[in-house]
Amino acid sequence: MIKLFSMKKEAAAAEKRKPKISAAQIRVQKDLSELELPKTMEVTFPSPEDLLNFNLSIRPDEGFYKGGEFKFTIKINNNYPHEPPKIHCIQKIYHPNIDLDGNICLNILREDWKPVLNINSVMIGLQYLFLEPNADDPLNKEAAQDLRTDRRHFEGNVRRSMRGNGIEGIQYDNVMA
């Protein structure tokens with residue numbers, strides 16, 4: 001009888017030592033297991049045991065940004081899915097919806113976020129920004145104006161910036177894959 005009691009105590013102590021898994025971690029595990037990424041996207045984990053912080057690489061195979069590789073950090077807090085992931089573009093790129101600090105203007109990361117959305121929705125939304133940049137909701141107003149007024153000039157600026165050249169005094173990162 002005493003042995004049984006001490007075994008229960010040991011099991012309880014072992015349970016306390018185990019790290020608690022949050023609801024966000026459970027949801028992220030589910031989201032990641034259901035990911036269906038195209039060949040133009042890749043997810044990597046700097047720390048395999050940390051599912052709430054990972055990287056995304058997008059290599060568009062069409063559109064203005066074809067031939068580039070764009071890298072993002074994705075951070076998910078413990079309020080996920082009630083709050084959207086925080087996403088940041090690592091490189092300085094010429095894009096109407098991504099500012100020079102790497103902040104991203106994507107409606108589902110702000111006012112249109114709903115808990116029914118998942119990581120796959122966010123990644124597809126990011127990929128869509130490279131296929132169809134949105135000049136009507138810009139963070140980089142100069143790039144948006146360029147896209148609105150002269151698509152050919154915008155395309156030329158995108159190409160130059162992707163090779164690491166400067167535009168209007170701003171030096172961009174070389175993102176050519």
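Just so it is clear, the model here is predicted, and its values are computed rather than measured.
For Asn77, the side-chain hydrogen bond (donor to acceptor under 3.5 Å, both in side chains) criterion is met by Glu83, not counting sequence neighbours. In this structure, Lys66 has no salt bridge (Lys or Arg N to Asp or Glu O under 4.0 Å) partners at least two apart in sequence or on a different chain. Remark: Thr149 engages Gln145 in a side-chain contact (heavy atoms from CB on, under 4.5 Å) (not counting sequence neighbours). Leu139 meets the side-chain contact (heavy atoms from CB on, under 4.5 Å) test with Asp99, Asn103, Cys105; sequence neighbours excluded. Asp150 is linked by a side-chain hydrogen bond (donor to acceptor under 3.5 Å, both in side chains) to nothing, counting only residues two or more places apart in sequence or in another chain. With sequence neighbours left out, the side-chain contact (heavy atoms from CB on, under 4.5 Å) criterion links Ala144 to Pro96, Ala135, Pro138, Arg148. Residues satisfying the side-chain contact (heavy atoms from CB on, under 4.5 Å) criterion with Pro60, sequence neighbours excluded, are Ile58, Tyr65, Phe70, Phe130. Arg159 pairs by the side-chain hydrogen bond (donor to acceptor under 3.5 Å, both in side chains) definition with nothing, not counting sequence neighbours.
The CD atom of Glu69 lies 5.5 Å from the CZ atom of Arg59; values are rounded to the nearest 0.5 Å. The distance from atom CG of Leu117 to atom CD1 of Ile124, rounded to the nearest 0.5 Å, is 12.5 Å. Put simply, CD1 on Ile87 and CD1 on Ile104 are 5.5 Å apart, with the number rounded to the nearest 0.5 Å.
Under the ring-ring contact (aromatic ring centres under 6.0 Å, His included) criterion, the residue pairs touching residues 26-47 are Phe45-Phe54, with sequence neighbours excluded. For residues 86-98, the set of pairs meeting the side chain to side chain donor-acceptor pair (under 3.5 Å) definition, not counting sequence neighbours, comprises Tyr94-Asp146, Tyr94-Asn157. Sequence neighbours left out, not one pair with a member in residues 162-177 passes side chain to side chain donor-acceptor pair (under 3.5 Å). Screening residues 120-138 for side chain to side chain donor-acceptor pair (under 3.5 Å) gives Thr40-Gln127, Arg110-Asp137, Asn118-Ser121 as the qualifying pairs, with residues at least two apart or on separate chains.
When side chains are defined from C-beta on, Leu51 counts as touching Leu32, because their heavy atoms get closer than 4.5 Å. Contact check for Asn53 versus Thr73: no side-chain heavy atoms found under the 4.5 Å cut-off. When side chains are defined from C-beta on, Trp113 counts as touching Val122, because their heavy atoms get closer than 4.5 Å. Using a 4.5 Å heavy-atom cutoff, the side chains of Lys75 and Leu52 are not in contact.
Tyr80 and Ile26 sit in two unconnected hydrophobic clusters of ILVMFWY residues. Membership requires side-chain heavy atoms under 4.5 Å apart, directly or through other members. A continuous path of hydrophobic side-chain contacts links Ile93 to Ile170 [ILVMFWY only; heavy atoms under 4.5 Å]. Hydrophobic clustering of Ile, Leu, Val, Met, Phe, Trp and Tyr side chains at less than 4.5 Å, counting indirect connections, keeps Leu131 apart from Phe72. Ile90 and Val43 end up in different hydrophobic clusters when Ile, Leu, Val, Met, Phe, Trp and Tyr side chains are linked at under 4.5 Å.
Proximity of a side-chain donor or acceptor of Gln25 to a complementary backbone N or O of Ser22 within less than 3.5 Å is detected.
Comment: Glu34 engages Lys30 in a salt bridge, judged by a side-chain N to carboxylate O separation of less than 4.0 angstrom.
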Exercise for the section: Apply side-chain contact (heavy atoms from CB on, under 4.5 Å) to Leu35 and Met123, showing your working. Expected result: CA-CA 9 Å; Leu35 267 184; Met123 291 181 182; 4.1 Å; yes
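For the residue pair Ser57 / Glu42, no side-chain donor-acceptor distance below 3.5 Å is found, with atom types taken as modelled.
Between Leu109 and Pro84, the closest heavy-atom pair is O-CG, 3.4 Å.
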